[in-house]
Amino acid sequence: EELMLAGATLADPARIDIRGEVHVARDVFIDVNAVLSGPVHLGARSRIGPNCVISNTHIGADTIVQAHCVIEDAIVGEHCSIGPFARLRPKAALDRDVHIGNFVEIKNAHIGVGSKVNHLTYLGDGTVGSGVNVGAGSVTCNYDGANKWPTVIEDGAFISSGSMLVAPVLIGAGATIGAGS
C-alpha cells in the first residue's frame, strides 16, 4: 500500500516481496514476483519486469529492467535498458542511456554514457567509456588465478563479437577490436 500511495503501480500487489526500505518516485511500474531488498530506490517512470530480484540498488528515472534480472549493490543511471536475464553484481555502475542486453553480467565495472553491451558478455573489474559497443560473447578476462586485473575501454571503442580482453589491458579511444580477438 505504501508503494502504491507513493506513486507505484503494482501489476499484482499480492505478488511482490518487499524486504527492507524501498523508495519509489512517481509512475513506477513493478510487475509480478519482484523481490526488492532495501535499500532500493526506483526513479520516476522506471519499469521493473516480472521475476526480478533487486537489492541495495539505485535505479534512475525512465529505466527499464526487463524480466528475470538480478541486480545487487549497483547504481543504474537514467534512461537505461537492462535485460532480460541480465545480472548486475556489486559495484556495477551504469551511466545514463546504457543498454545491457540479455545474458550480460557486470561486476565491479563502470559503463559510460550511451554504451551498449548487448548480449552474452561478462565485464568485470573495469571501466568502459562513453559510446562504446561491446559485441556478443566478449569477456574481460580479469583473473589470472591469483590476482584480479582491470580492463579499460576508452570512449567510442568498438569491441567485436567473441573478443577475450585479457587484463590488464587498455583499449584506446575509437579503437576497433576484430571479431574473435
Side-chain angles (χ1 to χ4, degrees), residues 31 34 43 45-181:
D31 214 327
R45 298 167 305 283
S46 58
R47 299 182 58 82
I48 307 302
N51 306 308
C52 290
V53 177
I54 300 173
S55 62
N56 305 318
T57 292
H58 183 280
I59 294 178
D62 300 301
T63 288
I64 298 171
V65 179
Q66 297 182 42
H68 308 287
C69 291
V70 176
I71 303 174
E72 59 181 314
D73 300 313
I75 298 172
V76 178
E78 298 179 345
H79 301 281
C80 291
S81 176
I82 301 170
F85 296 99
R87 183 170 181 207
L88 302 182
R89 290 175 53 195
K91 297 184 182 176
L94 311 182
D95 286 346
R96 65 180 164 76
D97 298 315
V98 169
H99 180 264
I100 301 297
N102 52 307
F103 304 105
V104 171
E105 182 175 357
I106 308 290
K107 183 210 46 111
N108 190 28
H110 177 256
I111 312 299
V113 175
S115 289
K116 298 175 184 174
V117 186
N118 284 315
H119 40 270
L120 305 165
T121 294
Y122 170 76
L123 298 177
D125 300 307
T127 303
V128 175
S130 298
V132 171
N133 184 81
V134 179
S138 295
V139 174
T140 55
C141 306
N142 57 322
Y143 185 57
D144 66 7
N147 298 297
K148 294 198 176 192
W149 299 96
T151 295
V152 176
I153 303 170
E154 294 183 339
D155 296 348
F158 187 90
I159 311 300
S160 297
S161 296
S163 296
M164 301 296 116
L165 305 176
V166 181
V169 67
L170 169 83
I171 307 299
T176 296
I177 303 299
S181 295

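Count residues from 1 along the sequence. What you see is a predicted model, and the numbers here were worked out from it, not measured in a lab.
The two residues Ser163 and Gly178 have their closest heavy-atom pair at OG-O, 3.5 Å. Closest of all the heavy-atom pairs between Ala74 and Ile71 is CB-CG2, 3.8 Å. In terms of heavy-atom proximity, Cys52 sits nearest to Val65 at SG-CG1, 3.9 Å. Across all non-hydrogen atoms, the minimal contact from Ser46 to Gly60 is CB-O, 3.9 Å. Nearest heavy-atom pair, Pro150 versus Ala167, reported as atom, atom and distance to 0.1 Å: O-CB, 3.4 Å.
Counting only residues at least two apart or on different chains, the salt bridge (Lys or Arg N to Asp or Glu O under 4.0 Å) pairs with a member in residues 115-135 are Lys107-Asp125.
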Determine, stepwise, if the pair Ser81 / Gln66 fulfils side chain to side chain contact (heavy atoms under 4.5 Å, CB included). CA-CA 8 Å; Ser81 176; Gln66 297 182 42; 3.6 Å; yes
Please lay out, stage by stage, how Asn142 and Thr151 fare under the test side chain to side chain contact (heavy atoms under 4.5 Å, CB included). CA-CA 7 Å; Asn142 57 322; Thr151 295; 5.5 Å; no
As a quick check of understanding, evaluate side chain to side chain contact (heavy atoms under 4.5 Å, CB included) for Ile100 and Ile106, giving each step before the final call. CA-CA 9 Å; Ile100 301 297; Ile106 308 290; 4.2 Å; yes
Hey, mind stepping through Val70 and Leu88 against side chain to side chain contact (heavy atoms under 4.5 Å, CB included) and telling me if it holds? CA-CA 6 Å; Val70 176; Leu88 302 182; over 6 Å; no
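Panel note: side chain Thr63, backbone Gly77; a donor-acceptor pair is recorded below 3.5 Å. The backbone N or O of Ser130 sits less than 3.5 Å from a side-chain atom of Asp155, completing a donor-acceptor pair. Judged purely by atom type and a 3.5 angstrom limit, Thr140 uses its side chain to pair as donor or acceptor with the backbone of Gly124. In this structure a side-chain-to-backbone donor-acceptor pair under 3.5 Å is present from Ser115 to Gly129. Formation of a donor-acceptor pair under 3.5 Å by the Ser138 side chain with backbone atoms of Ser160 is found in this model. Side-chain atoms of Glu154 do not come within 3.5 Å of backbone N or O of Gly172 as any donor-acceptor pair.
Considering CG of Asp62 and NE2 of His79, their distance stands at 4.5 Å, rounded to 0.5 Å. In this structure, NE2 on His58 lies 8.0 Å from CD1 on Ile75, to the nearest 0.5 angstrom. For the atom pair CD1 of Ile59 and CD1 of Ile82, the computed distance is 6.0 Å after rounding to the nearest 0.5 Å.
Contact of the Asn118 side chain with the His99 side chain is registered, since non-hydrogen atoms from C-beta on lie closer than 4.5 Å.
Screening Asp95, Ile111, Ile171, Asn133 for a side-chain contact (heavy atoms from CB on, under 4.5 Å) with Val128, the sole residue that qualifies is Ile111. For the pairing with Ile159, the side-chain contact (heavy atoms from CB on, under 4.5 Å) check across Leu123, Thr121, Ile177 returns one residue only, Ile177.
Here Arg89 does not pair with Glu72 in a salt bridge; the nearest charged N to carboxylate O distance is not below 4.0 Å.
Phe85 is linked by a ring pair (Phe, Tyr, Trp, His ring centres under 6.0 Å) to His68, Phe103, counting only residues two or more places apart in sequence or in another chain.
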